[in-house]
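Data block below; observations after.
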Amino acid sequence: CPLAGTRNTIVTVHDLSFLRHPEWFNANRARYYRWAFAITRRRAARFIADSHATKQDLIQLAGVPEDRIDVAHLGVAPTFRRADAAACAEVRARYALPERFFLYVGTLEPRKNHVTLFAAYERMRRDGFTGPLVLVGHEGWRNEPILRRLADSSARAHILRVTDADERDLVALYGASTVVAFPSLEEGFGYPIIE
C-alpha cells in the first residue's frame, strides 16, 4: 500500500476480506490492514480491482466512488494450459499418486473452507472414491482449527500435503487430477479457477 506515496497513486486491490471478515485474520494483521487501507483510500487517485466483486466491495465497504475504480481481471502464465500425458505421468510418479485423485490448491486459512473440504472428501471415500486428497499450498494464518480437523479426519491416511510444487508441477497436477475442489467462502478473484 502507498503509505509514503503521493496522491497520484494508483492502487490495485485484490480483496477486502479483512473488512468483511476480520475474524479470519490474526488481530494485529487485521488491524494493520484496516489502518493501511484507510490511508491508502485517502491517497489513491484511482483503484484497480481485479474482479467485479472486489469493485463492489470497494464501493459498499470502503465508500470509494465508482468512477475512481477500474476492473482489470488477472491472468495466468502461459504455462497454464492442458498438461501433456508425459508431464502428468511424471508428477504422479514423483508424488506417488494413483490414476485418480482429488486436488485442492490454496493456502491453509479460514476463508478457504478446508473443514467443508475434508467433510466432502470423507463422504466421497464412504461413497467409494479410493484416490487421495492432495492439498497443494502452504500454511496461512489462523489455521490451527484446520490442522486439528485434518488430524481428526477419518480419511487422514489418504490426505497428502504438497508444499513444494512449482508452477510446472501445478499445471501437471491440475491435468492429472480427477476432481479439483474450490470450496472457498470468499475470494477477490480465485486463481485456481482460471489455472
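Worth saying up front: this structure is predicted, and the values here are computed from it rather than measured.
Ring geometry for Phe18 against Phe25 counts as perpendicular: the plane angle is over 60°, on a 0 to 90° scale with 30° as the lower cut. Using bins of under 30°, 30° to 60° and over 60° for the plane-to-plane angle, the ring pair His114/Tyr104 lands in the perpendicular bin.
Residues Leu74 and Val76 share a hydrophobic cluster, clusters being chains of Ile/Leu/Val/Met/Phe/Trp/Tyr side chains in contact below 4.5 Å. In this structure, Leu97 is a member of the same hydrophobic cluster as Leu170, with clusters built from ILVMFWY side-chain heavy atoms closer than 4.5 Å. Residues Leu58 and Ile10 do not share a hydrophobic cluster, defined by chaining ILVMFWY side chains whose heavy atoms lie under 4.5 Å apart. A continuous path of Ile, Leu, Val, Met, Phe, Trp and Tyr side chains, each step under 4.5 Å between heavy atoms, connects Trp35 with Leu16, placing both in one hydrophobic cluster. Cluster membership check: Leu147 does not share its hydrophobic cluster with Trp24, using side-chain heavy-atom separations under 4.5 Å among Ile, Leu, Val, Met, Phe, Trp and Tyr.
In summary, the side chains of Tyr191 and Asp50 do not present any donor paired with an acceptor at a separation below 3.5 Å, with no hydrogens or angles considered. Of the N and O atoms on the side chains of Glu186 and Ser17, not one donor lies less than 3.5 Å from an acceptor on the other residue. Asn113 and Thr116 are linked by a side-chain donor-acceptor pair at a separation below 3.5 angstrom, with hydrogens and angles left out of the test.
In this structure the side chain of Glu90 reaches within 4.5 angstrom of the side chain of Arg168, judged on heavy atoms. At a threshold of 4.5 Å between non-hydrogen side-chain atoms, the residues Leu150 and Asp152 do not count as touching. Between Tyr174 and Val105 there is a side-chain heavy-atom pair separated by less than 4.5 Å. Here the side chains of His21 and Leu185 are not in contact, with every heavy-atom distance at 4.5 Å or above.
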**Item:** side-chain contact (heavy atoms from CB on, under 4.5 Å) between Leu19 and Arg34, intermediate numbers included
**Value:** CA-CA 7 Å; Leu19 293 177; Arg34 286 191 304 272; 3.8 Å; yes
**Message:** Evaluate Ile69 against Arg46 for side-chain contact (heavy atoms from CB on, under 4.5 Å), listing each step before the verdict.
**Reply:** CA-CA 6 Å; Ile69 308 168; Arg46 293 199 69 75; over 6 Å; no
**Request:** Apply side-chain contact (heavy atoms from CB on, under 4.5 Å) to the pair Leu133 and Arg125, showing each step before the final yes or no.
**Result:** CA-CA 10 Å; Leu133 167 58; Arg125 295 224 26 113; over 6 Å; no
**Message:** Working note: His52 + His73, criterion side-chain contact (heavy atoms from CB on, under 4.5 Å); need CA distance, chi angles, decisive distance, verdict.
**Reply:** CA-CA 9 Å; His52 289 285; His73 299 293; 3.9 Å; yes
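Pairing each heavy atom of Cys88 with each of Ala172, the nearest pair is SG-O, 3.8 Å. Closest non-hydrogen pair, Gly131 versus Phe129, comes out as O-CE2, 3.3 Å. Across every non-hydrogen atom of Ala62 and Arg41, the tightest pair is O-NE, 2.6 Å. Across every non-hydrogen atom of Ala30 and Pro22, the tightest pair is CB-O, 4.2 Å. Across all non-hydrogen atoms, the minimal contact from Tyr95 to Ala165 is OH-CA, 3.7 Å. Minimum interatomic distance between Pro183 and Leu117 (heavy atoms only, all atoms of both residues): CG-CB, 4.0 Å.
Atoms CG and OG1, on Asn143 and Thr107 in that order, are 10.0 Å from each other to the nearest 0.5 Å. Atom CG of Leu61 sits about 4.5 Å away from atom CZ of Arg20, to the nearest 0.5 Å. Atom CZ of residue Phe118 and atom CD1 of residue Ile159 lie 5.5 Å apart, to the nearest 0.5 angstrom. Distance CG/Leu135 to CZ/Phe102: 9.5 Å, rounded to 0.5 Å. To the nearest 0.5 Å, atoms CD (Glu187) and CD1 (Ile193) are separated by 9.0 Å. Rounding to the nearest 0.5 angstrom, the gap separating the CD1 atom in Ile48 from the OG1 atom in Thr12 is 4.0 Å.
More than 12 heavy atoms of other shown residues, nucleotides or ligands fall within 6.0 angstrom of atom CZ in Arg68. By the 6.0 Å contact criterion, CZ on Arg100 is open, its count of non-hydrogen atoms from other residues, nucleotides or ligands being 12 or less.
Side-chain N or O atoms of Thr163 include none that pairs as donor or acceptor with a backbone N or O of Gly137 at under 3.5 Å. Asn26 places no side-chain N or O within 3.5 Å of a backbone atom of Arg29 that could act as its donor or acceptor partner. In this structure, Ser177 contributes its side chain and Val180 its backbone to no donor-acceptor pair below 3.5 Å.
The pair Arg92-Glu99 meets the salt-bridge criterion, with a side-chain N (NZ, NE, NH1 or NH2) lying under 4.0 Å from an Asp/Glu carboxylate O. Salt bridge annotation for Asp70-Lys55: absent, with no cationic side-chain nitrogen under 4.0 angstrom from a carboxylate oxygen. Salt-bridge check for Arg148 with Glu144: failed, with every basic side-chain N at 4.0 Å or more from each acidic carboxylate O. A salt bridge links Glu122 with Arg149: the distance from a Lys NZ or Arg NE/NH1/NH2 to an Asp or Glu carboxylate oxygen falls below 4.0 Å. With respect to Asp15 and Arg111, a salt bridge is recorded, a charged nitrogen being found less than 4.0 Å from a carboxylate O. The pair Arg81-Glu195 fails the salt-bridge criterion, with no side-chain N (NZ, NE, NH1 or NH2) lying under 4.0 Å from an Asp/Glu carboxylate O.
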